[in-house]
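Only heavy atoms go into these numbers, but all of them, side chains included; no hydrogens, no water, no symmetry mates. Remember, it's a predicted structure, so these values are computed and weren't measured experimentally. Quick note on labels: first sequence line is chain A, next is B, and so on, each numbered from 1.
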Number of protein chains: 2
Amino acid sequence: MFKLSKKADYGLIAVKHLAMHRQEHACSANEIAEEYGISVTLMAKVLQRLAREGVVVAKHGSTGGYQLAKDPGQVSALDVISAIDGPVLITSCVTSHGNCETTERCSVREPLRKVNESILGVLSTVTIAQMSEDPNEPALVALSGPMRSGSHMSSS
Amino acid sequence: MFKLSKKADYGLIAVKHLAMHRQEHACSANEIAEEYGISVTLMAKVLQRLAREGVVVAKHGSTGGYQLAKDPGQVSALDVISAIDGPVLITSCVTSHGNCETTERCSVREPLRKVNESILGVLSTVTIAQMSEDPNEPALVALSGPMRSGSHMSSS
DNA sequence: GGCAAGTCCGACCAATTCAGTCTTATTATA
DNA sequence: TATAATAAGACTGAATTGGTCGGACTTGCC
């Protein structure tokens, strides 16, 4: 469809958790998973991936765990998502070496590439630090308002 | 991951094709599918869906086929995508009645909701008419600039 | 120094879900 | 009557989700 994978979702949760516990001890996968009621094994896998990609650093040993590798202001949502799910591409056509078999005939590739770039721009603008800010307005109120799903927000 | 479904992809291709053949006869699913080397049955299903959602109009009979329901400038990419795949929601949490079981504990819901809105904004800005234009025309470049729509750039 | 506990790491595996495809039958129009 | 849209269902395969196990590493305690 057009959704983040659960792994990417968990990755964002984990990274945000680490951002909020920077000063303290390193957080273990177990600790984070239990805090949010998430599958421990999957969260562990996500954190391993994030460590391999350099988003977080792992510390072995009995007091080990994970910590953010950089400042929360330096890590974007795109960093986390693409670390887990690989490069963000809205279509299979729009790869770096675009090679769907109907390349010449496919006429929507170029416009979609631009859309893809815009989305990358959006995702890279949002940092973990921003996501950790205290939302002074209750989220539920906004959500219970008029449905936004099918609507195209009065552009122009 | 974060990809359009093949159906949505085909939908965009079909709608663009219809936009470029407005003046002429109605195009059958068979004709469009063969032109782009696409599975005929899937393309038919996509067009059926688009017809049901009012994006295109179907004409029965031997000279039948599909035609755009509106002006190409009035149809956005979001219209096509959400007609086929349903509402665009980047996470399962961010629904209209947000009900993932860890709602209170889940801390990334609100930031992601804003990201979702930004993406909706991007998709709704792109019209079929723009997609049919010359690729050199930088119709979308403006979007890569400063974020609009729900962004929290003005952080504190 | 040596041992045990707690943690990360990597690979392999199982169940579920979902997208994509095909099939069949029906309806409407020229 | 022939053509093309419409509709509903079954099937297939891949991706996602989630788990298990054995290994390696670091720390704390004896």
Side-chain angles (χ1 to χ4, degrees), chain A residues 1-11 13-14 18 25-34 36-69 81 83-86 89-93 100-102, chain B residues 1-11 13-14 18 25-34 36-67 69 81 84-86 89-93 100-102:
Chain A
M1 285 245 294
F2 203 72
K3 235 171 43 176
L4 288 176
S5 68
K6 212 172 253 192
K7 278 194 235 175
D9 230 358
Y10 291 174
I13 292 176
L18 293 179
H25 61 94
C27 303
S28 74
N30 217 304
E31 172 190 333
I32 300 179
E34 286 190 356
Y36 298 96
I38 286 173
S39 155
V40 177
T41 56
L42 194 52
M43 176 57 85
K45 219 169 277 188
V46 166
L47 283 165
Q48 283 169 31
R49 188 76 183 256
L50 288 174
R52 209 183 317 154
E53 300 291 330
V55 177
V56 303
V57 287
K59 196 182 160 202
H60 286 224
S62 54
T63 64
Y66 294 93
Q67 280 179 313
L68 271 187
I81 293 170
I84 294 173
D85 278 339
L89 301 167
I90 62 174
T91 67
S92 355
C93 288
C100 78
E101 66 282 358
T102 56
Chain B
M1 286 245 290
F2 203 72
K3 234 172 45 179
L4 287 176
S5 69
K6 207 174 258 191
K7 278 192 236 175
D9 230 358
Y10 290 175
I13 291 176
L18 293 179
H25 61 94
C27 303
S28 74
N30 218 304
E31 173 191 333
I32 300 179
E34 286 189 357
Y36 299 96
I38 284 173
S39 156
V40 177
T41 55
L42 189 55
M43 178 56 85
K45 210 169 255 192
V46 166
L47 284 165
Q48 284 167 29
R49 190 74 184 255
L50 288 174
R52 209 181 318 155
E53 301 291 329
V55 177
V56 303
V57 287
K59 194 182 164 203
H60 285 227
S62 54
T63 65
Y66 295 91
Q67 279 180 315
I81 294 170
I84 294 173
D85 277 339
L89 300 167
I90 61 173
T91 67
S92 355
C93 286
C100 79
E101 66 283 355
T102 56

Margin query: Just verifying a value: how many Å separate Q48(B) CD and Y66(B) OH, rounded to the nearest 0.5 Å?
Written below: 5.0 Å

Next item on the list: Quick one: pull up CD1 in I13(B) and CG in L18(B) and give me the separation to the nearest 0.5 Å.
Entry: 12.0 Å

Item checked: Value rounded to 0.5 Å, distance of CG in N30(A) from OG1 in T41(A) -> 10.5 Å

Check: Which atoms form the tightest heavy-atom contact between G11(A) and I84(A), and what is the distance?
Finding: CA-CD1, 3.6 Å

Note to self: Restricting to non-hydrogen atoms, name the atom on A44(A) and the atom on A29(A) that form the minimum distance, rounded to 0.1 Å.
What the structure shows: CA-CB, 3.8 Å

Margin query: Could you measure the distance from the NZ atom of K3(A) to the CG atom of D9(A)? Nearest 0.5 Å is fine.
Written below: 9.0 Å

Checklist line | Contact pattern, 5' to 3', of nucleotides 25-30 of chain C - B, S or - by protein heavy atom under 4.0 Å | finding: ---SBS

Notebook entry, point to check: Whole-Å distance between dC8(C) C1' and Q67(A) CD?
Noted result: 14 Å

Margin query: Distance check, rounded to the nearest 0.5 Å: L50(A) atom CG versus M43(A) atom CE?
Written below: 9.0 Å

Checklist line | Nearest-angstrom distance from the residue atom CD1 of I38(A) to C1' of dG19(D) | finding: 16 Å

Next item on the list: Identify which nucleotide among dT7(C), dG10(C), dA5(D) has an atom closest to any side-chain atom of Q48(A), counting heavy atoms from C-beta outward.
Entry: dG10(C)

Check: Which parts of nucleotides 11-22 of chain C does protein reach within less than 4.0 Å, heavy atoms only, written one letter per nucleotide 5' to 3' as B for base, S for sugar-phosphate only and - for none?
Finding: --------SSBB

Next item on the list: Starting from C1' on dT26(D), measure out to OH on Y66(A) and report it in whole angstrom.
Entry: 14 Å

Next item on the list: Answer whether the closest heavy-atom distance between the side chains of L47(B) and I32(B) falls below 4.5 Å.
Entry: yes

Notebook entry, point to check: With a 4.0 Å cut-off on heavy atoms, is A44(B) in touch with a base, just the backbone sugar-phosphate, or nothing at all?
Noted result: nothing

Note to self: Within the structure provided, determine whether Y10(A) and L42(A) are in side-chain contact (heavy-atom separation under 4.5 Å).
What the structure shows: yes

Check: In whole angstrom, what separates E34(B)'s CD from dA4(D)'s P?
Finding: 11 Å

Next item on the list: Take atom CZ of R49(A) and atom P of dC8(C), then tell me their distance rounded to the nearest Å.
Entry: 18 Å

Item checked: Interatomic distance, L47(B) CG vs dA5(D) P [rounded to whole Å] -> 8 Å

Next item on the list: Can you tell me the distance, in whole Å, between the NZ atom of K3(A) and the P atom of dA15(D)?
Entry: 17 Å

Checklist line | Distance in angstrom units between I84(A) CD1 and dA15(D) C1', rounded | finding: 16 Å

